[in-house]
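Reckoned from all heavy atoms, side chains included, excluding hydrogens, waters and symmetry mates. Residues: numbered from 1 along the sequence shown.
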Amino acid sequence: MPPIAFPARPQPVPSPFAYSLGGLLDLLLPARCAGCGTGRSQLCPACRHALTAARPGPTALPWVHAAARYADPVRQLLIAHKERGALRLADPLGEALAQAVRSALGPRAGQAPLLLVPMPSTRAAVRARGHDPTLRLAGAAARALRRAGLDARAAPLLRHVRPVADQSGLSAPERRRNLHGALTVLPRAHRRLTGRQPVLVDDLVTTGASLAEAARALAAAGLPPRAAATVAAAVPHRPDRTPPACGGRGGRLSPGR
């Protein structure tokens, strides 16, 4: 089982004004809550509470912390942001992600400046959606962490080097084989970021195979991540387990099973 641990030209980062049609409508027209479909705002108080009231903690993969379970209304909020261009949800989702980052790092959160490294989207996916949802969430989480007094920034260090098969329907071992070697770190992009604690971030963790490949790529470039954090987890939380120190210089994270 392979261990886990992102071209000369960086992936294009979408402009803040490159809204999809859904994003424009979201800004111009009142909308029902994306989580429960009621009310006259995109995020009602009850769904905001469901997103932020959960206690972030380790998932079944102890090195990955999540803010909430992948169940409604959190599931609907993530889908609305990612696939329907509900861009105003980036801030509350980013706040939840920031909580998961702090949970993942524990007392180490303030020991060094933080670098949030989002899972990369393919160029085709960015074009189809009109934005890069994970990069947007990473930026929102970094802002939330700065408001809390932490030195944090987000940087898209990873890119795909080869196409991968559709992950749906694949088992966890098949996903790891499918993704192994698919990511690399942008050349020279990380040199100015030396001294920051890398933390992998994503909207969702299922088997952990994608985060495992991202961690491998970062470690191979001399930037082993200290932990990983997501908004939601599709695997059961394991709050009884203390996450091990992971990803120190030269260290490795264990792949999800």
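- Residues P58 and H65 meet the side-chain proximity criterion, which asks for heavy atoms closer than 4.5 Å.
- The backbone N or O of H81 sits less than 3.5 Å from a side-chain atom of H131, completing a donor-acceptor pair.
- P113 approaches G195 most closely through the heavy-atom pair CD-O, 3.8 Å.
- With respect to D203 and K82, a salt bridge is recorded, a charged nitrogen being found less than 4.0 Å from a carboxylate O.
- Of the inter-residue distances, the one linking R123 atom CZ with D132 atom CG reads 12.0 Å to the nearest 0.5 angstrom.
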Worked verdict on R108 versus R102 for side-chain contact (heavy atoms from CB on, under 4.5 Å): CA-CA 9 Å; R108 296 174 294 161; R102 298 187 71 169; over 6 Å; no
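- Side-chain atoms of L78 and L93, non-hydrogen and from C-beta on, do get closer than 4.5 Å to each other.
- Nearest heavy atom pair, residue S121 against residue V126, reads CB-CG2, 3.8 Å.
- With hydrogens and angles disregarded, no donor-acceptor distance shorter than 3.5 Å links the side chain of R153 to the backbone of R143.
- Formation of a donor-acceptor pair under 3.5 Å by the T59 side chain with backbone atoms of A233 is not found in this model.
- Counting only heavy atoms from C-beta outward, the side chains of L211 and V205 approach each other to under 4.5 Å.
- The two atoms that bring A104 and A227 nearest to each other are CB-CB, 3.8 Å, heavy atoms only.
- The minimum heavy-atom distance linking A232 with V74 is given by the pair CB-CG1, 4.1 Å.
- Note: Y70 OH to T206 OG1 = 9.5 Å, rounded to the nearest 0.5 Å.
- Taking CG of D151 as the start and CD of Q197 as the end, the distance is 10.5 Å to the nearest 0.5 Å.
- Rounding to the nearest 0.5 Å places CE of M119 at 6.5 Å from NE2 of H160.
- Taken to the nearest 0.5 Å, the CG atom of L115 stands 5.5 Å off from the CG atom of L157.
- Looking only at side-chain heavy atoms (C-beta outward), R48 and P92 come within less than 4.5 Å of each other.
- Two residues are said to be in side-chain contact when any heavy atoms from C-beta on lie closer than 4.5 Å; C44 and C36 meet this criterion.
- Nearest heavy atom pair, residue L183 against residue A217, reads O-CB, 3.6 Å.
- When all heavy atoms of G208 and L61 are compared, the pair lying nearest together is CA-CD1, 3.6 Å.
- Interatomic distance, CD of E213 versus CG of L218, reported as 10.0 Å (0.5 Å rounding).
- Q42 places no side-chain N or O within 3.5 Å of a backbone atom of R32 that could act as its donor or acceptor partner.
- Among L97, L135, L200, V101, the single residue meeting the side-chain contact (heavy atoms from CB on, under 4.5 Å) criterion with L116 is V101.
- Of the possible polar contacts, one joining the R196 side chain to the L114 backbone as a donor-acceptor pair under 3.5 Å is found.
- A donor-acceptor contact closer than 3.5 angstrom is absent between the side chains of T230 and D202.
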